[in-house]
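Taking it in order: structure first as structure tokens, then the write-up.
Just so it is clear: chains get the letters A, B, ... in the order the sequence lines come, proteins before strands, and each one is counted from 1. What's counted below: heavy atoms across the whole structure, side chains too, no hydrogens, waters or symmetry copies.
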Protein chains: 2
Amino acid sequence: MQALSLIEPEAADAVAPCCPPLTERPFTADEAETAARMFKALGDPVRVRLFTAVASHEGGEACVCDISDVGVSQPTVSHHLKKLKEAGLLSSERRGTWVYYRVEPSVLAAMGKLLSFTPAAA
Amino acid sequence: MQALSLIEPEAADAVAPCCPPLTERPFTADEAETAARMFKALGDPVRVRLFTAVASHEGGEACVCDISDVGVSQPTVSHHLKKLKEAGLLSSERRGTWVYYRVEPSVLAAMGKLLSFTPAAA
DNA sequence: AGCTTGTTTCGACGTTTGTCGATGTCTTGC
DNA sequence: GCAAGACATCGACAAACGTCGAAACAAGCT
């Protein structure tokens, strides 16, 4: 909670300007496109598992070998990681033999904003 | 934030028991399946527009005729509304000539919970 | 250089998805 | 009863998606 105050709201907006909360007003076509792209990235069970594995891994990052045990072949894992990367949810960096993936905070913040509304509004 | 405390966490769990925040720990296959199903429902631009139109409509509900102007044919609108309903995001009720859709708070709360984390954790 | 391990790319396949026009169902009003 | 409007379902089609095995690429080791 306190960590929240370390980041100014305006700054968070600047990083990934997208849309107001889903309940605020009807989205324009462009807003809907952007929002849908983010949701779609997490619309597959394998990607959810990969994402949560990276996000919860110690140090905030994980190499592919750490998270490949999700029940699909290794090329498929790579394919889904690429999708998550294209959607802006993850970033990757090669260090020696391994490739490390980490969560991209800004897009995650944008998604959080989409779903940040008081229960009363829903 | 304060509005959140009006609802007990246990109660929120009871309504739509699903998963902890995405950044907390690697999801199980079942948790990932559930979470992905919810995200997938909002993974299409037309559905995002329909959903935000319903969610932001006065009175918390809207008939199909109020929100059909999203650039696709009428059967397609109906198709997407059905998908949103199957995902638990909307519910519908016929009153006379018109069918009214409204947001289902519990599933929306579950999605909010998935994305409720401090930016520091991301 | 050659081998081994980690990761991505390629090509192919079956399945799911979004879209439409046509048709069906339900309700109201004449 | 019948016509009209609101909405859902059906059937068809192209495009996108998830998956795999095979092959390519990259880095380290002997």
Could you tell me whether A:K85 contacts a base, only the sugar-phosphate backbone, or nothing, with contacts defined as non-hydrogen atoms closer than 4.0 Å?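 Since no nucleic acid heavy atom lies under 4.0 Å of A:K85, the category is nothing.
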Which part of the nucleic acid does B:H79 contact within heavy-atom distance under 4.0 Å: base, sugar-phosphate only, or nothing? base
Under 4.0 Å, heavy atom to any atom of DNA chain D: which of [range] qualify?
range	value
residues 94-102 of chain B	B:T97, B:W98, B:V99, B:Y101
residues 37-49 of chain A	A:K40, A:D44, A:V46, A:R47
residues 67-77 of chain A	A:V72, A:S73, A:P75, A:T76

Check whether any side-chain heavy atom of A:E33 sits under 4.5 Å from a side-chain heavy atom of A:F27, and report yes or no.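 Answer no - side chains too far apart.
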Is any side-chain heavy atom of B:T23 closer than 4.5 Å to a side-chain heavy atom of A:L108? yes
Atom CD of A:E93 and atom C1' of D:dA27: how far apart are they, to the nearest Å? 15 Å
Qualifying side-chain hydrogen bond (donor to acceptor under 3.5 Å, both in side chains) pairs with a residue from residues 40-58 of chain A, counting only residues at least two apart or across chains: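 Counting only pairs at least two positions apart or across chains, the side-chain hydrogen bond (donor to acceptor under 3.5 Å, both in side chains) contacts touching residues 40-58 of chain A are A:R47-A:H80.
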Considering non-hydrogen atoms only, spot the tightest contact between B:M111 and A:L115 and give its length.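 Residues B:M111 and A:L115, closest heavy atoms: O-CD1, 3.7 Å.
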Sorted by chain and residue number, the side chain to side chain donor-acceptor pair (under 3.5 Å) partners of A:R25 (sequence neighbours excluded) come out as A:E31
Which nucleotide of DNA chain C is the first, and which the last, in the 5' to 3' direction, to come under 4.0 Å of a heavy atom belonging to chain B?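 The contact span of chain B on DNA chain C goes from C:dT17 to C:dT28.
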